[in-house]
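So you know, we letter chains A, B, ... as the sequences are listed, proteins then strands, and number each from 1. Computed from heavy atoms alone, side chains included, the values below leave out hydrogens, waters and symmetry copies.
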Amino acid sequence: MKIASWNVNSVRARVHNIVEWLESEQPDVALLQELKSEDETFPYADFEKLGYKCEISGQKSWNGVAILSKHEIKDVIRKLPFDDSDEQARYIEATINGVRLASIYLPNGNPVDTEKYPYKLKWMDRLYKHAKNLIENEKMVVLGGDYNIIPTEQDCYDPSAWADDALFKIESRQKYRSLLNLGLTDAFRVKNDKAEQYSFWDYQRGAWPKNEGIRIDHFLLSAQATDCLENCYIDKGPRAKEKASDHTPIIIELNI
DNA sequence: ATGGTGGTTCTACCA
């Protein structure tokens, strides 16, 4: 079972790039983030003609997450629990082939001297509580998405440049580590221990040609899912295309 | 220190 996660930075601006990649790579499941689309304007037909069913949590202008699947999608939830007042479309979860899957768009948190940073940290506390419940109640758990977290110094081109950023500040990384301490595994680091392996390059400052990127798109797997992990890799191809997203897909392959 | 780019939407906001 091949599962991809990709922050597409607008599903409508990127639909041709996404279709081209899905046709080429044929993942069973694609977890998308930053749709920047409401449900009504989501390009369902473009994906359905490739054989994908689509479940989305959309929102006007910002955020928005989706699960695309060639297989039946069951038991969908569209909100991260523990705060009913949160209107931001950043979480969708469902069961496919017996695997409980989530598409996550974790808050960025910058600037850190605004309410955005405590919102990020509180969102991570909610994710922790929910992930704990998931692990206790499900065997195969796959939490993929844009975590907006640089886990370690080897996951960015210049740690000093990120020191005071919400993606790298110690509180953010501590909460990410707490997710791992629940028993979740960063699938990428099971299969790849090299530095300079990135999933995001800023549009500015020539970050892409200079490979000044960061690794912020992750798959966290339960123990049972980790034991089924055959491969995990980042596909840099889409980042080099015309009209590219600033993120590129990360893919896992599970033997189930 | 600033501005560099790109998306949504129409005036800033977000990343």
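Between the CG atom of N7(A) and the C1' atom of dG6(B) there is a distance of 13 Å, given to the nearest Å. In this structure, CH2 of W62(A) is placed 7 Å from C1' of dC14(B), rounded to the nearest angstrom. We find that NE2 of H247(A) is positioned 16 Å from P of dC14(B), with the value rounded to whole Å. Note: CG (L35(A)) to P (dC14(B)) measures 18 Å, nearest angstrom. Put simply, NZ on K243(A) is 12 Å from C1' on dT8(B), counting in whole angstrom units. Distance CG (N17(A)) to C1' (dG7(B)): 13 Å, rounded to an integer number of Å. Taking atom CZ on F200(A) and atom P on dA15(B), their separation rounds to 11 Å, with Å as the unit. Per the geometry, CD belonging to Q88(A) stands 8 Å off P belonging to dA15(B), to the nearest Å.
The same atom, P, is picked in dC10(B) and in dC14(B); the two are 14 Å apart, to the nearest Å. If you take atom P in dC13(B) and the same atom in dA1(B), they sit 23 Å apart, rounded to whole Å.
For Q204(A), taking side-chain heavy atoms from C-beta onward, the closest of the listed nucleotides dA15(B), dG4(B), dG6(B) is dG4(B). Residue R205(A) has its side chain nearest to dG4(B) when only dA15(B), dT8(B), dG4(B) are considered.
A donor-acceptor contact closer than 3.5 angstrom is absent between the side chains of S178(A) and N181(A). No hydrogens or angles considered: nothing links the side chains of K120(A) and N108(A) as a donor-acceptor pair under 3.5 Å. A donor-acceptor contact closer than 3.5 angstrom links the side chains of N9(A) and Y203(A).
Y176(A) and Y147(A) have perpendicular rings, their planes meeting at more than 60° on a 0 to 90° scale where under 30° would count as parallel. Using a 30° and 60° split on the angle between ring planes, F82(A) and H130(A) fall in the perpendicular class, above 60°.
Distances shown here put every side-chain N or O of R14(A) at or beyond 4.0 Å from the OP1 or OP2 atom of dG6(B). Applying the 4.0 Å criterion to OP1 and OP2 of dC14(B), one finds that K116(A) has a side-chain N or O inside that range.
For an aromatic pair to be called close, the ring centres must be under 6.0 Å apart, and Y157(A) with Y198(A) fails this.
With a 3.5 Å limit on both pairing distances and Watson-Crick or G-U wobble geometry required, the stems of 3 or more pairs in DNA chain B span B:5-8 with B:12-15.
Between L31(A) and F219(A), the shortest heavy-atom distance links the atoms CD1-CE2, 3.9 Å.
When heavy atoms are screened at a 4.0 angstrom cut-off, Y105(A) is found touching the sugar-phosphate backbone but no base atom.
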